[in-house]
Student: 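Encoded as structure tokens, here's the structure I'll be asking about.
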Protein chains: 2
Amino acid sequence: MKGTTPAEADASPSTEGPRAWKEKFVSIEDCPIRTVINQIGDKWSVLILAVLGTRPHRFGELRREIDDISQRMLTQTLRDLQRDGLIARRVIPTVPPSVEYSVTALGKSLLEPMSRLIGWAERHQAEIKLARQRFDDSVAPE
Amino acid sequence: MKGTTPAEADASPSTEGPRAWKEKFVSIEDCPIRTVINQIGDKWSVLILAVLGTRPHRFGELRREIDDISQRMLTQTLRDLQRDGLIARRVIPTVPPSVEYSVTALGKSLLEPMSRLIGWAERHQAEIKLARQRFDDSVAPE
DNA sequence: CCGAATCCAATCTGATACTG
DNA sequence: CAGTATCAGATTGGATTCGG
């Protein structure tokens, strides 16, 4: 995926002029979409962003709250998100040093379209699950 | 037979707050978000959905239009999307058989939140790129 | 407490060749 | 034309261990 519409009137992909997309799509080069989807499409980014969206968290807090993430992936994902300017890292020089993460303005702005997608997922999860079952049954009914 | 989805009322509350999310997140088990993000987070799904969103395409058309996708990945991604009920596969029994793919009602409903995300990516791509450069420079200023 | 480094298994992707 | 099969390389994610 790749470029898209002018970005404001995006609500009608199928009725209006998705025509414009295609042209940008096919040229994979500097696809901005890929950049984003690849980042939030990994295993933990969306979850971390969502959690940080509620309030800032310290490293240990995040770890406890997600709890099935390995320390390695938490560190790495936080780093990547920070690199993209979506979250901010603030070192607090206490005795045992602590580090606080929070979403930046840019990160907050992402949270909104992201929540739409999440909302969609929630509303349609049952439908998807059903479709999967039907498909799997019809393929391997044996 | 398939969707029968309403598929129209997806323009959910803009920012009803990530508050409610967290609880559902932390229990990873049947997290609906993962299901969706994992699917569209792969390398080709969003692109294919977007292209099919403009109009139905035949297999070969898709292949030519995307052109840097391998036949293997095109087949596989289409299959996965079909499995989730997002696209429909219609075999046309012509002499050399042809197969047409199109987005279902469910797929169309996904296109909307998806395009929001894409729009966000476009609007902020420069900002992200800049953030990355700054980060990379500060890390390896050598 | 926070995070970097190493090792390793699992998954994903592409190239190529083959079938109906 | 559409799809499958197999193999090799790249990426990802987890466990463990060490350091500031």
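Below, each value reflects all heavy atoms present in this structure, side chains not excepted, and no hydrogens, waters or symmetry copies. Chain letters run A, B, ... following the sequence lines, proteins first, then strands; residues in each count from 1.
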Student: I need the CZ-C1' distance between B/R90 and D/dC1, as an integer number of Å.
Tutor: 16 Å
Student: With side chain to side chain contact (heavy atoms under 4.5 Å, CB included) as the test, pick out the partner of B/S45 among B/L86, B/L78, B/T77, B/I87.
Tutor: B/T77
Student: Do the side-chain N or O atoms of A/Y101 get closer than 4.0 angstrom to the phosphate oxygens (OP1, OP2) of C/dG3?
Tutor: yes
Student: For B/I92 and D/dG3, what is the distance between atoms CD1 and C1' respectively, to the nearest whole Å?
Tutor: 16 Å
Student: Whole angstrom is fine here: how far is it from CG in B/L74 over to P in C/dA15?
Tutor: 14 Å
Student: Of the nucleotides C/dG14, D/dG3, C/dA4, which has the atom closest to the B/V99 side chain?
Tutor: D/dG3
Student: Distance check needed: D/dT4 C1' versus B/Q71 CD, whole Å only.
Tutor: 9 Å
Student: With sugar-phosphate meaning primed atoms plus P, OP1 and OP2, does B/R89 contact a base, only sugar-phosphate, or nothing at under 4.0 Å between heavy atoms?
Tutor: sugar-phosphate
Student: What is the distance, rounded to the nearest whole Å, between atom CG of B/L78 and atom C1' of D/dG3?
Tutor: 11 Å
Student: Would a distance-only check, ignoring hydrogens and angles, find a side-chain to backbone donor-acceptor pair under 3.5 Å from A/E61 to A/R58?
Tutor: yes
Student: Determine: side-chain N/O of B/R58 to OP1/OP2 of D/dA2, distance under 4.0 Å, yes or no.
Tutor: yes
Student: Taking NZ from A/K43 and C1' from C/dA10, how many angstroms apart are they, rounded to a whole number?
Tutor: 11 Å
Student: Are any non-hydrogen side-chain atoms of B/L110 and B/L106 less than 4.5 angstrom apart?
Tutor: no
Student: Could you check whether A/R79 makes a cation-pi contact with A/W44, meaning its NZ or CZ is under 6.0 Å from the centre of the six-membered ring and within 45° of the ring axis?
Tutor: no
Student: A/P96 or A/Q76: which one's nearest nucleotide on DNA chain C is closer to the 5' end?
Tutor: A/P96
Student: Checking contacts here: which listed nucleotide (D/dA2, D/dA15, C/dG14) is nearest the side-chain heavy atoms of B/F59?
Tutor: D/dA2
Student: Counting side-chain heavy atoms from C-beta on, which of C/dA15, C/dA17, C/dC1 comes nearest to A/P97?
Tutor: C/dC1
Student: Distance check needed: C/dC2 C1' versus A/I87 CD1, whole Å only.
Tutor: 14 Å
Student: Membership question, hydrophobic clusters at under 4.5 Å side-chain separation (ILVMFWY): are A/V103 and A/I92 in the same one?
Tutor: no
Student: If you only use heavy atoms from C-beta on, which nucleotide in C/dA4, D/dC7, D/dG14 is closest to the side chain of A/T75?
Tutor: C/dA4
Student: Taking atom C1' of D/dG3 as reference, at what distance in whole Å does atom CZ of B/R72 sit?
Tutor: 13 Å
Student: D/dG3, C/dG14, D/dC1: which one has an atom nearest the side-chain heavy atoms of B/S98?
Tutor: D/dC1
